[in-house]
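Structure record follows, encoded as structure tokens.
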Amino acid sequence: QVQLAESGGGSVQAGGSLRLSCAYSGFTNRPSCLGWFRQAPGKVREGVAAIGSDGTTTYADSVKGRFTISREIAANTLYLQMYSLKPEDTAMYYCAADYALTPRTCVARFARGQFAYWGQGTQVTVSS
């Protein structure tokens, strides 16, 4: 079956950095759309970043300039490099995947949080 497994979360001080990884498997065809979402207690789920089949990326305004999404296609691995972490970044971070046909569709689904497959999440805690 399809599986996505996040890792790399932890507790850091404000200004620190973390790199999250997402290993995915079980897809009949390679997912064309990959993304990261996060949710803090009492908050709605928020899209963080996404990357399409052509390598095009999109980011939430709150993380632009600080976070970078990337992938190793052959290794079936997605990454989220996070720098200059803030307490507001504290949340459970989820990896997600979809078979969006085009980059445009990928962006649209990312905006709606409508990816088909999700991981279980990894906790990121940033202290002041």
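What you see below is based on every heavy atom in this structure, not just the backbone, and it leaves out hydrogens, waters and symmetry mates. Just so we're clear, the structure is a prediction, and the values are computed from it rather than from any experiment. If you read the sequence from its start, that first residue is 1, and numbering goes on from there.
- Residue pairs satisfying the disulfide bond (SG atoms under 2.5 Å apart) criterion with at least one member in residues 45-116, sequence neighbours excluded, are listed as follows: Cys22-Cys95, Cys33-Cys106.
- Listed for the Arg19 side chain is no donor-acceptor partner under 3.5 Å among the backbone atoms of Gly9.
- Put simply, the side chain of Ser32 never gets that close to the backbone of Ser53: no donor and acceptor are under 3.5 Å apart.
- Ring geometry, Phe115 versus Phe37: the interplanar angle exceeds 60°, so the pair is classed perpendicular (tilted spans 30 to 60°).
- Remark: Lys64 engages Asp61 in a salt bridge, criterion side-chain N to carboxylate O under 4.0 Å.
- At least one donor-acceptor pair closer than 3.5 Å links the side chain of Thr77 to the backbone N or O of Ala75.
- Scanning both residues, Leu85 and Leu18, for their nearest heavy atoms gives CD1-N, 3.9 Å.
- Taken to the nearest 0.5 Å, the CE atom of Met92 stands 9.5 Å off from the CD atom of Gln120.
- The side-chain heavy atoms of Gln81 and Phe67, taken from C-beta on, include no pair separated by under 4.5 Å.
- At distances below 3.5 Å, not a single donor-acceptor pair connects side-chain atoms of Trp36 with backbone N or O atoms of Leu78.
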Please report the C-alpha distance between Thr122 and Leu20 in whole Å, then the side-chain angles of each, then the deciding distance to 0.1 Å, and finally whether the side chain to side chain contact (heavy atoms under 4.5 Å, CB included) criterion is met. CA-CA 8 Å; Thr122 185; Leu20 306 184; 4.0 Å; yes
Show your reasoning for whether side chain to side chain contact (heavy atoms under 4.5 Å, CB included) applies to Val124 and Met82. CA-CA 10 Å; Val124 171; Met82 305 183 293; 3.9 Å; yes
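- The local environment of CD in Gln123 is crowded, with over 12 non-hydrogen atoms from other residues, nucleotides or ligands closer than 6.0 Å.
- In this structure, the side chains of Phe110 and Thr58 come closer than 4.5 Å at one or more pairs of heavy atoms.
- Two residues are said to be in side-chain contact when any heavy atoms from C-beta on lie closer than 4.5 Å; Thr125 and Val12 fail this criterion.
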Show your reasoning for whether side chain to side chain contact (heavy atoms under 4.5 Å, CB included) applies to Tyr117 and Tyr99. CA-CA 10 Å; Tyr117 305 98; Tyr99 290 113; 3.8 Å; yes
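- The shortest distance between side-chain heavy atoms of Glu46 and Ser62 falls below 4.5 Å.
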Would you sort out whether Tyr24 and Gln3 count as a side chain to side chain contact (heavy atoms under 4.5 Å, CB included), showing the intermediate values? CA-CA 6 Å; Tyr24 52 91; Gln3 294 183 345; over 6 Å; no
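- Smallest separation of non-hydrogen atoms from Ala97 and Phe27: CB-CZ, 3.8 Å.
- Judged by distance alone, with hydrogens and angles left aside, the side-chain atoms of Glu72 form no donor-acceptor pair with the main-chain N or O of Asn76 at under 3.5 Å.
- Across all non-hydrogen atoms, the minimal contact from Tyr94 to Gly119 is CD2-O, 3.6 Å.
- Residues satisfying the side chain to side chain donor-acceptor pair (under 3.5 Å) test with Thr105, not counting sequence neighbours, are Thr102.
- Side chains of Arg38 and Tyr93: a donor on one and an acceptor on the other come within 3.5 Å.
- Side chain of Arg30 to backbone of Ala74: no donor-acceptor contact under 3.5 angstrom is found.
- Using modelled atom types, one side-chain atom of Arg66 and one backbone atom of Ser84 make a donor-acceptor pair closer than 3.5 Å.
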